[in-house]
Amino acid sequence: MNQPERPHDRPELEARVAAHPFLLGLSEHHIRLLTDCAMLTRFQPDQKIFRTGETANRFYLLEEGTVVLEAVTMDETPVQIDIVLAGGLLGWSWLFPPYLWHFDARATEPTTAIFFYGTVLREYCERDPSLGYELFKRMSEVMIKRLQSARDRLSEAMKMNKPERQ
Amino acid sequence: MPNEDKKMEQRVAAHPFLQGMDAHQLSVLSQSAAPTEFEAGQIVFQAGDPANGFYLLESGRVVLEARQPDGSSVQVDVVAAGEPLGWSWIFEPYRWQFDARATEPTRALCFSGILLRQHRHEDLMLSHELFKRMCQVMVRRLQQARSMLVEQQKESPK
């Protein structure tokens, strides 16, 4: 497991949180709350960020690099199911029970990210619904796009696999 | 309170998606709700049409389908009784991405997105609750769609 960098420089961390495209437009107050839960982290090419079935207590906002989501199949050949680019959000499973990762995530190039402790953030959101609203709204926007793209690829794949289908 | 409003509040309060919402939130939601019914085979909405709200299914079943260039349709998801249907009202371009079709007689509550959007900023607790619940359903559907995609990719000719 990669060791996260210690947030010794709070102003820098706060600036990086505020600069991330996913959080653009949030108030200073919200950025401060988010920074409380934030840590900087780096991954090397091919490094695993999380594995299927492990506890999901966090999510990542990528600053640089690329991460692929993979499903590990019976014969151990991973199937790539999605790709997250710089500026994107990685990890939904921390949001709801059973809080376990559904897939593997692997960096494919040198990657820097801010990661957020979901457990603390969930409490913050319950105490401050304006933060919860802002975060969930942004997350649902990203999720809708991913869901639509997954469904598009699914319908493509189903068509390819069943050419006789009317 | 007129009898009909009261009935609507009871239906809204009874829906599993809204379980645990407080009386004020249920009352705001009821004001944006209309009861709807679909026969088996009836189109609920069509891809490309303006998306002005969402549905909470009370009974029945709706399939989501992607229309192909050759005119055929591929089923991409199923929404069952007790679940919400439709996200496209939340974000631009506010148009449905897929076709939704009832596959059996279906009863639903239809919520006006315009009315809810008006309440969104002044009633943050309600917005937070709604978006949190929608995210929860979305995560599940996303994981489902991706798992199905993995199955399809394993099946595909190498």
Side-chain angles (χ1 to χ4, degrees), chain A residues 52 56 69-75 77-82 91-97 99-103 122 125-166, chain B residues 25 47 51 64-77 86-92 95-99 117 119-158:
Chain A
T52 312
L69 276 180
E70 294 169 323
V72 181
T73 57
M74 294 293 270
D75 60 4
T77 336
V79 175
Q80 184 179 320
I81 46 172
D82 213 343
W92 306 117
S93 303
W94 66 280
L95 279 167
F96 304 103
Y99 306 116
L100 300 174
W101 297 117
H102 214 71
F103 298 105
R122 264 201 307 271
C125 288
E126 290 308 316
R127 263 188 282 160
D128 183 345
S130 67
L131 175 65
Y133 165 59
E134 281 295 341
L135 274 186
F136 284 119
K137 186 177 70 173
R138 284 153 200 256
M139 284 183 195
S140 51
E141 184 162 18
V142 178
M143 248 188 271
I144 287 171
K145 284 189 189 134
R146 301 251 176 99
L147 185 57
Q148 284 168 350
S149 126
R151 283 170 171 169
D152 284 341
R153 281 177 293 152
L154 184 63
S155 65
E156 241 351 86
M158 285 166 93
K159 238 181 90 179
M160 300 258 291
N161 287 348
K162 297 189 181 71
E164 76 283 3
R165 190 188 167 103
Q166 290 302 303
Chain B
Q25 293 165 342
L64 283 176
E65 294 171 323
R67 224 176 309 156
Q68 305 299 310
D70 65 4
S72 67
S73 281
V74 176
Q75 183 178 319
V76 290
D77 212 345
W87 312 123
S88 304
W89 66 280
I90 306 172
F91 300 105
E92 290 177 8
R95 289 187 185 274
W96 301 115
Q97 290 283 321
F98 298 99
D99 293 346
R117 269 201 291 270
H119 282 282
R120 199 147 93 173
H121 291 282
E122 65 208 43
D123 198 335
L124 285 167
M125 203 61 213
L126 172 61
S127 308
H128 168 54
E129 274 298 325
L130 269 185
F131 275 88
K132 187 170 73 176
R133 285 154 198 251
M134 286 193 283
C135 277
Q136 181 163 22
V137 178
M138 274 187 230
V139 171
R140 220 167 47 221
R141 299 228 180 116
L142 183 59
Q143 288 172 343
Q144 244 166 35
R146 284 171 166 173
S147 298
M148 283 166 74
L149 190 60
V150 171
E151 286 308 306
Q152 289 293 327
Q153 285 183 357
K154 279 196 289 186
E155 269 178 40
S156 72
K158 293 267 149 41

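These numbers were taken from a predicted model, which means no experiment stands behind them. Letters A, B, ... are given to chains in the order of the sequence lines, protein chains preceding strands, and every chain is numbered from 1.
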How far apart are the C-alpha atoms of B/Cys135 and A/Phe96, what are their side-chain angles, what is the distance that settles it, and do they pass the side-chain contact (heavy atoms from CB on, under 4.5 Å) test? CA-CA 9 Å; B/Cys135 277; A/Phe96 304 103; 4.2 Å; yes
Could you walk me through whether B/Glu129 and A/Phe136 pass side-chain contact (heavy atoms from CB on, under 4.5 Å), step by step? CA-CA 9 Å; B/Glu129 274 298 325; A/Phe136 284 119; over 6 Å; no
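The contact between B/Ser147 and chain A is made by backbone and side chain atoms together, counting heavy-atom distances below 4.5 Å. Neither the backbone nor the side chain of B/Leu126 comes within contact range of chain A, judged by heavy atoms closer than 4.5 Å. For a residue to count as touching a neighbouring chain, one of its non-hydrogen atoms must lie under 4.5 Å from one of that chain's; by this rule A/Leu69 touches chain B with the side chain only. Of the atoms belonging to A/Glu70, not a single heavy atom falls under 4.5 Å from chain B. Interface residue A/Ile144: backbone and side-chain heavy atoms are both found under 4.5 Å from chain B.
Using cut-offs of 30° and 60° on the angle between ring planes, the pair A/Tyr133 and B/Phe131 is perpendicular.
To the nearest 0.5 angstrom, A/Lys145 atom NZ is 8.0 Å from B/Phe91 atom CZ. With rounding to the nearest 0.5 angstrom, the CZ atom of B/Arg141 is 8.0 Å from the CG atom of A/Leu147. The NZ atom of A/Lys159 sits 4.5 Å away from the CG atom of B/Asp70 when rounded to the nearest 0.5 Å. Taking CG of B/Leu149 as the reference point, atom CE of A/Met158 lies at 10.5 Å (rounded to 0.5 Å). Here the straight-line distance linking atom CD of B/Gln152 with atom CE of A/Met160 works out to 10.5 Å at 0.5 Å rounding. A distance of 8.5 Å separates CD in A/Glu141 from CD in B/Glu92, rounded to the nearest 0.5 Å.
Inter-residue side-chain proximity for A/Glu126 and B/Lys132 is flagged as met; some heavy-atom pair is nearer than 4.5 Å. A 4.5 Å side-chain heavy-atom check between B/Met138 and A/Arg146 finds every atom pair outside the cut-off.
B/Gln143 pairs by the side chain to side chain contact (heavy atoms under 4.5 Å, CB included) definition with A/Ser93, A/His102, B/Val139, not counting sequence neighbours. Legend: residues meeting side chain to side chain contact (heavy atoms under 4.5 Å, CB included) with B/Ala66, ordered by chain and number and at least two apart, are A/Ser155, B/Gln68, B/Val76, B/Phe98.
Chain B forms more heavy-atom pairs under 4.5 Å with one residue of A/Ser140, A/Ser130, A/Ala150 than with any other, namely A/Ser140. Contact count versus chain A (heavy atoms, under 4.5 Å) is highest, among B/Glu65, B/Gln97, B/Gln136, for B/Gln136. Annotation: maximal heavy-atom pairing with chain B below 4.5 Å, among A/Met139, A/Gln80, A/Arg153, occurs at A/Arg153.
In plain terms, the two heavy atoms of B/His128 and A/Cys125 that are nearest each other are NE2-O, 3.6 Å. Here the shortest heavy-atom pairing between A/Pro129 and B/Met125 reads CG-SD, 3.4 Å. Summarising the geometry of B/Arg146 relative to A/Asp82, their closest heavy-atom pair is NH2-OD2, 2.6 Å, with the distance given to 0.1 Å.
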